[in-house]
Visitor: 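Take a look at this one; I'll ask things after.
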Protein chains: 2
Amino acid sequence: MIRVMIAEDQHMLRGALSSLIELETDMEVLAEVSDGDKAWEVIEKEKPDVCILDIEIPVVSGLELAEKIRATEQSCKVLMVTTFARPGYLQKAIDLEVEGYLLKDEPIDYLIDAIRKVINGERVISTDLAATLFMKETNPMTERETEVLRLVKEGLTTNQICDRLFLTKGTVRNYLSAVIQKLYAESRQQAVKIASEKGWI
Amino acid sequence: MIRVMIAEDQHMLRGALSSLIELETDMEVLAEVSDGDKAWEVIEKEKPDVCILDIEIPVVSGLELAEKIRATEQSCKVLMVTTFARPGYLQKAIDLEVEGYLLKDEPIDYLIDAIRKVINGERVISTDLAATLFMKETNPMTERETEVLRLVKEGLTTNQICDRLFLTKGTVRNYLSAVIQKLYAESRQQAVKIASEKGWI
DNA sequence: GATTATATATGACACGTGTCATAGGGTTCC
DNA sequence: GGAACCCTATGACACGTGTCATATATAATC
């Protein structure tokens, strides 16, 4: 019997997945939770064989949870599930060496199948995503530029950034000017968006 | 037998809902589609009793589809389903007099139940949403201000807006200044966000 | 008829933003 | 010793943005 835990914040999907997995004769759903904190409790107490983790769950995200699972050497296999094909998420998941990474745009049969595969020690990834791994671009920004853009993402203004990094106003603006050009953006906001999607900040 | 159509672009959820509805003895799923165009074809040909429409589906949105259904006096009941509790969406759905409006954050049982209720001529709305209807705020912007903000949302700059509306630069900026204050925003972008969520633009 | 709200406009001020030219330090590597 | 990068900085220019004071005309309302 494969013991599964589901961490997904959208109630309707969570319930539906749970019901359908229960219908499989070789699987059972140990618990279904709506946030990362509760998920962690279940993982520690119940030691599920497979965790299905949505990336965008409250309190502790699926990626942070996967990191924690790896750090504490839990035996459970991790299957990430998400709506968006963000290269950033995918990259982090791969760095964490999770067993599977699926899009919610796949049929459920694919998920059920994936559960059995990861139990067998196989790796699973949505076909759409496999392609993006080959087309992976490298971050054209320097370290400092990346750092500055990260602060813009946090909502800081030019002045707040130069206070934080002990730089002058002009330097910060120069960095951002360079970033905007390197990313073919038209404004800092757009640059943040582009870099986020690529997983660079 | 209640004949149901499901229009939902997220494959996993669509399939799951479909399977679970099929398990009910008094319901059958006529078709499950991923966009508004296909949904319309099914509605015209198959005349389902109930349409479950996600608001955010490609090509033709769930709201546009509901409008079309009303305009052509199709007999089918409409159940809107969405992720977000945007008052704007809700307001439009109510204006269209749809039979039900549920959040994906509800359990599936609630959805199944809702299908039976709308068939019986009842109205269904998520409890969370019913509350927001009472707290509905009125748009503090004048017509002209709303119009200008709508153009900002489309991505136009001040200059493009004054060309479009045959106004001077100063006037447009005055309007936006007023809008920003009325909505307690800190920039035009934030004003767009606030007004969108309230359903004013 | 006076008041109030709206649509429109102008001019001015302060700031934020993006770009450019330029320049002095520091690594790293051929 | 250069060449090629990176980090840092300055000063200047052009534009965009938000605010304010002020003004006129029109329409609605009391």
Side-chain angles (χ1 to χ4, degrees), chain A residues 87-88 91 95 136-201, chain B residues 87-88 91 95 136-201:
Chain A
Q91 189 54 57
D95 292 345
K136 208 174 58 178
E137 296 166 65
T138 49
N139 185 346
M141 296 182 285
T142 66
E143 249 187 68
R144 209 55 166 158
E145 286 164 356
T146 308
E147 195 176 0
V148 169
L149 192 59
R150 200 148 28 214
L151 292 180
V152 173
K153 189 182 185 182
E154 279 183 31
L156 302 201
T157 65
T158 304
N159 283 323
Q160 292 168 321
I161 293 172
C162 66
D163 280 357
R164 180 84 74 93
L165 299 182
F166 305 107
L167 296 176
T168 59
K169 210 168 144 178
T171 307
V172 172
R173 280 161 63 194
N174 282 340
Y175 283 153
L176 283 172
S177 182
V179 164
I180 287 169
Q181 286 179 32
K182 285 181 181 176
L183 302 187
Y184 305 104
E186 278 177 344
S187 67
R188 47 182 77 195
Q189 317 303 338
Q190 216 181 315
V192 165
K193 206 181 149 205
I194 293 170
S196 298
E197 282 169 6
K198 306 266 189 187
W200 294 331
I201 53 174
Chain B
Q91 189 55 56
D95 292 346
K136 209 175 58 180
E137 297 166 67
T138 49
N139 186 346
M141 296 183 285
T142 66
E143 250 187 65
R144 208 55 166 158
E145 287 165 354
T146 308
E147 196 176 0
V148 170
L149 193 59
R150 199 146 33 216
L151 293 180
V152 172
K153 189 183 184 180
E154 278 182 32
L156 303 200
T157 64
T158 304
N159 282 320
Q160 292 168 321
I161 293 172
C162 67
D163 281 358
R164 180 83 74 90
L165 299 181
F166 305 108
L167 296 176
T168 59
K169 209 168 144 179
T171 307
V172 171
R173 281 162 61 196
N174 281 341
Y175 284 154
L176 283 173
S177 182
V179 164
I180 288 168
Q181 285 178 31
K182 284 181 181 177
L183 303 187
Y184 305 104
E186 277 179 345
S187 68
R188 47 181 78 197
Q189 315 304 337
Q190 217 181 314
V192 164
K193 207 182 148 206
I194 292 169
S196 298
E197 283 170 6
K198 306 267 188 187
W200 294 332
I201 52 173

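This structure is a prediction, so every number in the text was calculated from the model and none was measured. Chain letters run A, B, ... following the sequence lines, proteins first, then strands; residues in each count from 1.
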Visitor: Hey, mind stepping through A:K198 and A:N139 against side-chain contact (heavy atoms from CB on, under 4.5 Å) and telling me if it holds?
Guide: CA-CA 8 Å; A:K198 306 266 189 187; A:N139 185 346; over 6 Å; no

Visitor: Return the set of residues passing side chain to side chain contact (heavy atoms under 4.5 Å, CB included) with B:R173 (not counting sequence neighbours), or none when no residue passes.
Guide: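 Here the qualifying residues are B:T158, B:K169, B:R188.
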
Visitor: Report the C-alpha distance between B:E145 and B:K182 in whole Å, list the side-chain angles of each, state the deciding distance to 0.1 Å, and finish with yes or no for side-chain contact (heavy atoms from CB on, under 4.5 Å).
Guide: CA-CA 10 Å; B:E145 287 165 354; B:K182 284 181 181 177; 2.9 Å; yes

Visitor: When the C1' atoms of the five terminal pairs at each end define the local axes, what inter-axis angle does the helix from C:dG1-D:dC30 to C:dG24-D:dC7 show, to 10 degrees?
Guide: 30°

Visitor: At under 4.0 Å between heavy atoms, how does the protein contact nucleotides 17-22 of chain C? Give one character per nucleotide, 5' to 3', with B, S or -.
Guide: BBBB--

Visitor: Give, for atom CD of A:E186 and atom CD1 of A:I180, the distance between the pair rounded to the nearest 0.5 Å.
Guide: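 So the gap between those two atoms works out to 9.5 Å.
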
Visitor: Determine, stepwise, if the pair B:D163 / B:L156 fulfils side-chain contact (heavy atoms from CB on, under 4.5 Å).
Guide: CA-CA 10 Å; B:D163 281 358; B:L156 303 200; over 6 Å; no

Visitor: Can you tell if the side chain of B:L183 reaches within under 4.5 Å of the side chain of B:Q190, non-hydrogen atoms only?
Guide: no

Visitor: OP1 or OP2 of D:dC7 versus the side-chain N and O atoms of A:T142: is any pair under 4.0 Å?
Guide: yes

Visitor: Using a cut-off of less than 4.0 Å, is there contact between a side-chain N or O of A:Y175 and OP1 or OP2 of D:dC6?
Guide: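 Negative; the distance criterion is not met.
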
Visitor: Taking the side chain from B:Q160 and the backbone from B:T157, do they hold a donor-acceptor pair closer than 3.5 Å?
Guide: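 Yes, the answer is positive, given that a donor and an acceptor are paired below the 3.5 Å cut-off.
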
Visitor: Is the backbone of A:T142 close enough, under 3.5 Å, to the side chain of A:T146 for a donor and an acceptor to pair up by distance?
Guide: yes

Visitor: Side chain of B:L167 only, heavy atoms from C-beta on: which candidate in C:dT8, D:dA9, D:dC7 is closest?
Guide: C:dT8

Visitor: Whether B:E147 and B:R150 form a salt bridge (side-chain N of Lys/Arg under 4.0 Å from carboxylate O of Asp/Glu) is what I want to check.
Guide: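 So B:R150 does not pair with B:E147 through a salt bridge.
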
Visitor: Mind listing the residues from residues 144-154 of chain A sitting with a heavy atom below 4.0 Å of DNA chain D? Number order is fine.
Guide: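 Close to the strand are A:R144.
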
Visitor: Distance check needed: D:dC5 C1' versus A:K182 NZ, whole Å only.
Guide: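 Result: 10 Å.
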
Visitor: Sugar-phosphate means primed atoms, P, OP1 and OP2; the rest is base. With that split, encode nucleotides 23-30 of chain D 5' to 3' as B, S or - using protein heavy atoms under 4.0 Å.
Guide: --------

Visitor: Would B:Y175 and B:L167 count as a side-chain contact (heavy atoms from CB on, under 4.5 Å) here? Give the steps.
Guide: CA-CA 11 Å; B:Y175 284 154; B:L167 296 176; 3.9 Å; yes

Visitor: Roughly how far, to the nearest 0.5 Å, is the CD1 atom of A:I194 from the CD atom of A:Q189?
Guide: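 If I round to the nearest 0.5 Å, the distance is 12.0 Å.
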
Visitor: A:Q181: what forms a side chain to side chain contact (heavy atoms under 4.5 Å, CB included) with it, not counting sequence neighbours?
Guide: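 A:Q181 satisfies side chain to side chain contact (heavy atoms under 4.5 Å, CB included) with A:S177 only.
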
Visitor: Which residue in the set A:I201, A:V179, A:N174, A:V172 passes side-chain contact (heavy atoms from CB on, under 4.5 Å) when paired with A:V148?
Guide: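 The residue from A:I201, A:V179, A:N174, A:V172 that satisfies side-chain contact (heavy atoms from CB on, under 4.5 Å) with A:V148 turns out to be A:V172.
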
